Amino acid sequence: MAESRKHELIQPRTLKGFRDFQPREAGAREELIDRARAVFHSYGFAPIDTPALEYLEILQGKGSEETDKQMYQFEDAGGRRVGMRFDLTVPLARFAAQHIGQLGTPLKRYHVATVWRGENTQRGRFREFMQCDFDTIGTDNLSSDIETALVIHDLFLALGFEDFRIHLNNRKVLTGLLETLGLAEHATAILRALDKLAKIGAEKVQAEIVAATGTEPQAAEQVLALCQLTGTNAEILDAVTELVADSETGRRGAEELRRLLAALDAVGVPEARVKLDVAIARGLDYYTGTIFETFLGALPDIGSVCSGGRYDNLAELYTKQQLPGIGASLGLDRLLAAMEELDMLTSTETPAVAFIPLFDEARLHDYLRLAAQLREAAICVEVYPLPKKLGQQLKYADRRGHRVALILGDNEFAASECQVKDLATGEATAVPLEENAASLIAAIRGLVE
RNA sequence: GUGGCUGUAGCUCAGUUGGUUAGAGCACUGGAUUGUGGUUCCAGGGGUCGGGGGUUCGAAUCCCCUCAGCCACCCCA
């Protein structure tokens with residue numbers, strides 16, 4: 001040992017914004033993804049994957065100036081300019097342009113993968129993080145918008161949330177209003193200001209709009225009026241419809257919202273979980289119709305945990321084929337943080353419910369054979385790898401979160417039975433050992449459920 | 001990228017106006033008549049005080065740089 005310490009030790013550390021996941025955290029994340037995946041599958045969304053690295057020209061200038069600056073890029077060993085994906089939307093656009101001919105439309109896919117952004121870190125904001133997107137592309141029919149909302153609704157139920165609210169808006173409403181006010185060209189700046197409404201208040205937003213666009217305060221006030229409507233969804237919808245009556249685009253937006261709300265109601269989504277909210281804008285300016293943001297009732301401050309919307313033309317930079325679509329992104333990191341805070345994570349350090357102490361090393365083959373039988377019955381089981389004292393092995397099993405220990409020593413083998421010990425209560429019951437281990441399997445299942 | 005705050009054992013922190021071998025709790029490892037854990041008792045391992053440089057007789061304590069974390073702006077998942 002002393003020999004090996006002669007060299008300088010390298011300080012183990014991770015890059016800014018990059019992090020390790022310990023078993024508990026990684027387990028929680030995988031469980032979350034598993035549940036989301038089950039919901040996607042239930043609607044017929046199929047998985048895809050794309051490379052982490054793309055030709056730089058594919059990624060550059062696609063998100064915004066900001067994402068260009070934040071993109072990790074370099075020259076590979078073959079002299080190619082490459083970039084690491086900073087979201088899953090741009091790769092999807094490239095993917096669709098390249099393969100839509102074979103796949104046909106509409107294409108429903110989901111994509112859970114790591115993305116990278118070299119931006120400044122903050123709590124809940126990292127340089128390497130995972131996105132979980134699902135999209136329906138190749139159709140502009142409103143039924144896809146409806147389905148997207150239903151998927152979002154089911155996602156949160158599947159994750160164990162009861163108290164959440166999907167905020168709905170339609171970009172056409174605001175666009176329509178801005179058209180009638182002659183402010184269409186300032187849409188982006190105004191949206192950006194509106195996004196801060198909840199944070200900085202109406203007065204400051206109005207001031208920011210006036211400052212950014214040089215428009216009259218009255219016009220800014222009208223924009224704000226649209227965003228500050230209160231009441232039931234039906235009341236807000238009526239008021240919105242009236243405010244945008246002069247604009248063809250605005251009227252269509254209001255109509256789409258009306259149909260969307262009606263459909264969700266018809267399917268049985270509780271009104272309390274849906275909120276017509278004309279103030280949500282999403283920073284991104286590529287959305288053109290329906291917009292979603294989702295907030296947790298218990299933790300509204302962490303922001304939207306599932307956002308998305310409709311876009312007119314996903315892949316126009318890569319193909320002449322018009323590909324409208326709609327999709328949303330589940331905020332895995334935020335959700336994980338929220339679930340941690342709300343104590344909703346059940347993940348333990350071990351995925352194995354059962355634990356077999358290596359009590360008598362001479363019996364290793366028996367232990368391994370038994371473990372194999374349990375695994376065949378879909379019971380995850382770990383055999384301790386060294387013959388320590390039983391007490392120490394049980395301590396290990398307890399710490400790791402195993403639910404049941406199967407104790408098998410000379411006495412048990414002689415009596416042809418197995419001690420099934422519930423690690424939560426400490427109670428042990430003797431179960432007969434059989435050729436097919438049926439009683440044992442039943443006993444473990446009985447304890448675990 | 002800009003501004004502010006922070007950084008002592010795996011974790012949470014103590015370390016007085018700079019002064020001798022840097023501490024505690026929890027965790028970890030081993031033990032308490034060698035077949036039963038989560039309680040107790042005993043012992044032990046583990047820190048060049050984030051890293052580097054400077055001031056000083058002497059620095060965890062003061063200064064500079066750097067790295068990392070947190071907060072705000074920005075933007076967003």
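The structure presented is a predicted model; accordingly, all values stated were derived computationally and were not measured. Convention: sequence-line order gives letters A, B, ...; per-chain numbering from 1.
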Assign [X] to base, sugar-phosphate, or nothing according to its heavy-atom contacts below 4.0 angstrom with the strands shown.
X: L330(A); value: nothing
X: A428(A); value: nothing
X: Q22(A); value: nothing
X: G303(A); value: nothing
X: G17(A); value: sugar-phosphate
X: R117(A); value: base
X: E119(A); value: base

With both distances under 3.5 angstrom, what nucleotide forms a Watson-Crick or G-U wobble pair with [N]?
N: rG47(B); answer: none
N: rG25(B); answer: rC11(B)
N: rC75(B); answer: none
N: rA68(B); answer: rU6(B)

Requested in this report: Examine distances only and state if a side-chain atom of Q98(A) and a backbone atom of F95(A) form a donor-acceptor pair shorter than 3.5 Å.
Outcome: no

Whole angstrom value for the distance that separates [atom2] of [N] from [atom1] of [X]:
X: L408(A); N: rU36(B); atom1: CG; atom2: C1'; value: 13 Å
X: D422(A); N: rU36(B); atom1: CG; atom2: C1'; value: 14 Å
X: R127(A); N: rG69(B); atom1: CZ; atom2: C1'; value: 12 Å
X: L386(A); N: rU29(B); atom1: CG; atom2: P; value: 12 Å
X: L390(A); N: rG31(B); atom1: CG; atom2: C1'; value: 17 Å
X: K395(A); N: rA32(B); atom1: NZ; atom2: P; value: 13 Å
X: R24(A); N: rG10(B); atom1: CZ; atom2: C1'; value: 14 Å
X: R13(A); N: rG7(B); atom1: CZ; atom2: C1'; value: 15 Å

Report summary line: RNA chain B nearest-nucleotide lookup for F359(A) and M130(A): closer to the 5′ end is F359(A)

Query raised in the report: Between F126(A) and G391(A), which has a closest nucleotide on RNA chain B that is more 5'?
Result: G391(A)

Between [X] and [Y], ring centroids under 6.0 Å:
X: H167(A); Y: F292(A); answer: no
X: Y110(A); Y: F134(A); answer: no
X: F126(A); Y: F18(A); answer: no

Nearest to the [X] side chain among [options], which nucleotide is it?
X: S307(A); options: rG37(B), rA77(B), rG35(B); result: rA77(B)
X: K16(A); options: rG69(B), rC76(B), rG37(B); result: rG69(B)
X: N120(A); options: rG37(B), rU2(B), rG35(B); result: rU2(B)
X: D410(A); options: rG35(B), rG37(B), rA77(B); result: rG35(B)

Requested in this report: Would you please classify the geometry between the Y384(A) ring and the Y396(A) ring as parallel, tilted or perpendicular, with 30° and 60° separating the classes?
Outcome: perpendicular

Report task. Could you verify whether a donor N or O on one side chain and an acceptor N or O on the other, from Y311(A) and D135(A), lie under 3.5 Å apart? Result -> yes

Query raised in the report: What integer number of Å spans the C1' atoms of rU56(B) and rG19(B)?
Result: 12 Å

Below the 4.0 Å mark, does [N] have OP1 or OP2 next to a side-chain nitrogen or oxygen of [X]?
X: T121(A); N: rG69(B); value: yes
X: Q122(A); N: rA72(B); value: yes
X: K388(A); N: rG31(B); value: no
X: Q392(A); N: rG37(B); value: no
X: K389(A); N: rG35(B); value: no

Query - Base rC75(B) paired with R125(A) side chain (donor-acceptor, <3.5 Å) - result: yes

Query raised in the report: rG35(B) base to D360(A) side chain: any donor-acceptor pair below 3.5 Å?
Result: no

Query raised in the report: Would Y396(A) count as stacked on rG37(B) if the rule is ring centres under 5.5 Å and plane angle under 30°?
Result: no

Requested in this report: Identify whether the distance between the nearest side-chain nitrogen and carboxylate oxygen of R403(A) and D422(A) falls below 4.0 Å.
Outcome: no

